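What's counted below: heavy atoms across the whole structure, side chains too, no hydrogens, waters or symmetry copies. In this text the structure is predicted, and so the values were computed from the model without any measurement.
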Amino acid sequence: MTGPKALDTPYESTRILSPEYRTATVGIVLVITLVAFEGMSVGVVMPAVARELNALDLYGISFSAFLIASLFANVVAGLWSDRRGYQLPFLVGVVLFVAGMALAGAAHSAALFLVARAVQGLGAGASIVALLVMIARVYPEGLRPKVFAAVSAAWVVPAMVGPAVAGFVAVQWGWRYVFYGIIPLVVPALVMLVPALRMPSSSHEPSQGPRSRPVAMTLAATATAGGAGALLQGVDLLHRQPVTGAVETVAGLAFLIYGLYRLLPPGALRFARGLPTTVLMRGIFSAAFFGVNSFIPLALQEVKSFDLKLAGVALTTGALGWSAGSFLQSRRAGEAYKRIRLGAGCVTAAILICMLCVLPGVTGWIAVPAWIVAGFGMGFGMTTVSVTALRQSPVNEQGANSAALSVTDMLGSALAIGVAGALVNLIGHAPAEIATGFVVISLLMAAIALGATLLAGRTR
């Protein structure tokens, strides 16, 4: 008589919606859906906000304020998650995010609106890093690509209805209610998240490396965020006050390099092979994509006379393409660096096609298919970057490396959008000048995306 063989045992593949992971998966998807509604909605109404608050010259910096604040929160939340778990930083992040939405809706000056965007950024930065750590601690490595695909899929419904709803609300009641309207959505999301946040994460020994020291890392985060802000302000001042702008630019760059040297994995600033380049790749993807993405509504409204709802269609299609690309990467077809290279190539080509939308005699609708391709490239390549970085990370450094991923993500977006905004201010705000600015921005971001295709091989 023999014992049962493995083949005699019924096999059931583990899924992200199997009983042991269902609550975590649903909670993550709900929160990402909430953040997605905010992202898709705010991008559409920002031109109206800038006009009412007489702050068109702050168009780019209003996005950058959100991202720079997120960068600081990334680091603090990563340290917190490594030492105490991801639950509390996640909840604190959501509360700050909601507070920022309320402040933005109540803002009657450009300065208060920028403060509100910064508070939103603190909340988003903390919650997103905690979410990445949650994925790393709760799910086995084989399920992580599917979780990231689900995260991208959570953008589908907001992408389909978010811009149209935001445009309708802004036209009927004003842009303030776009911010106010998102706040009630937090309640059901938090209720659904309670079981997920009670799930224990895997045990591990705390990291003893240089990126585990709270005081040093907080100072580095402050230097990075402050340096990025000074750099962007200096770049924007260069054409009006050359000396002051140059001093601020150089000082900001020095602080930025100092902070990044300590926040990122060793060797990142020289693109060392493996994890260091993988982490930096996320920032390069974000810079190229969001440097153009944030100015598409402005370009279509000011140059092609699209209304609020129509200008958001390109953003919608980009999110749909992103979801499709993320789903395909979860199938694990081909080596990771090849998927990253393909994604970067798609973003490069799409930016160059989208650039044509502001040219005379060319329909603005060309931005729609172009941004589907760009979104696909981001979903296919950038999601692969996140999965690869977690696979390359020791368990006791998952928080630090998740924070590093988010730091490069936010910093890439912030710097690209801030520099693009400075270019728009330099070139001018008339429709023809905005068209010229959009072409210059697109060429710059296409060059950055092309750089990602060349560096992809160093992620191995």
Side-chain angles (χ1 to χ4, degrees), residues 12-41 77-78 80-81 84-98 101 120 123-162 165 181-202 316 319-320 322-332 375 379 382-383 386-387 390 398-399 402 405-406:
E12 182 178 349
S13 62
T14 305
R15 298 169 299 151
I16 60 174
L17 290 177
S18 59
E20 63 267 42
Y21 301 116
R22 185 178 299 133
T23 53
T25 301
V26 172
I28 289 169
V29 168
L30 280 173
V31 170
I32 293 299
T33 300
L34 175 65
V35 174
F37 266 111
E38 184 274 341
M40 299 303 297
S41 301
W80 198 348
S81 297
R84 303 293 182 184
Y86 52 80
Q87 291 86 350
L88 193 54
F90 194 92
L91 291 173
V92 170
V94 171
V95 170
L96 285 173
F97 182 75
V98 170
M101 298 297 288
Q120 289 175 38
S127 57
I128 291 299
V129 166
L131 184 147
L132 289 174
V133 177
M134 182 190 300
I135 292 173
R137 302 275 172 84
V138 172
Y139 298 89
E141 182 178 334
L143 285 183
R144 291 173 194 163
K146 296 180 180 179
V147 180
F148 280 111
V151 165
S152 293
W155 282 77
V156 172
V157 172
M160 291 177 66
V161 304
V165 170
I182 295 173
I183 295 175
L185 301 177
V186 175
V187 176
L190 286 181
V191 169
M192 291 296 296
L193 270 173
V194 169
L197 293 173
R198 287 177 176 171
M199 294 180 67
S201 60
S202 58
T316 298
L320 294 175
W322 193 317
S323 297
S326 185
F327 172 77
L328 287 181
Q329 69 77 33
S330 71
R331 314 302 293 180
R332 290 180 174 270
M382 192 174 181
T383 309
S386 299
V387 174
L390 289 179
Q398 286 169 341
S402 293
L405 280 171
S406 290

(request) Specify the closest pair of heavy atoms between Gly123 and Leu96, including all atoms of both residues, with the distance to one decimal. (result) CA-CB, 3.6 Å
(request) Determine whether Tyr139 and Lys146 make a side-chain contact, defined as any pair of heavy atoms from C-beta on separated by less than 4.5 Å. (result) no
(message) The criterion is side-chain contact (heavy atoms from CB on, under 4.5 Å); which residues satisfy it with Leu131, sequence neighbours excluded?
(response) Ile28, Ile32, Phe90, Ile135
(message) Quick check against the 3.5 Å criterion: does Thr25 have a side-chain atom that pairs as donor or acceptor with the backbone of Leu17?
(response) no
(message) To check you understand the geometry: which heavy-atom pair defines the closest contact between Pro89 and Ala77, and what is its length?
(response) CB-CB, 4.2 Å
(request) Determine the minimum heavy-atom distance between Met101 and Ile183, stating which atoms define it. (result) CB-CG1, 4.0 Å
(request) State whether the side chain of Thr33 and the backbone N or O of Val29 hold a donor-acceptor pair below 3.5 Å, judged by distance alone. (result) yes
(message) According to side-chain hydrogen bond (donor to acceptor under 3.5 Å, both in side chains), who are the partners of Ser386, at least two apart in sequence or on a separate chain?
(response) Arg282
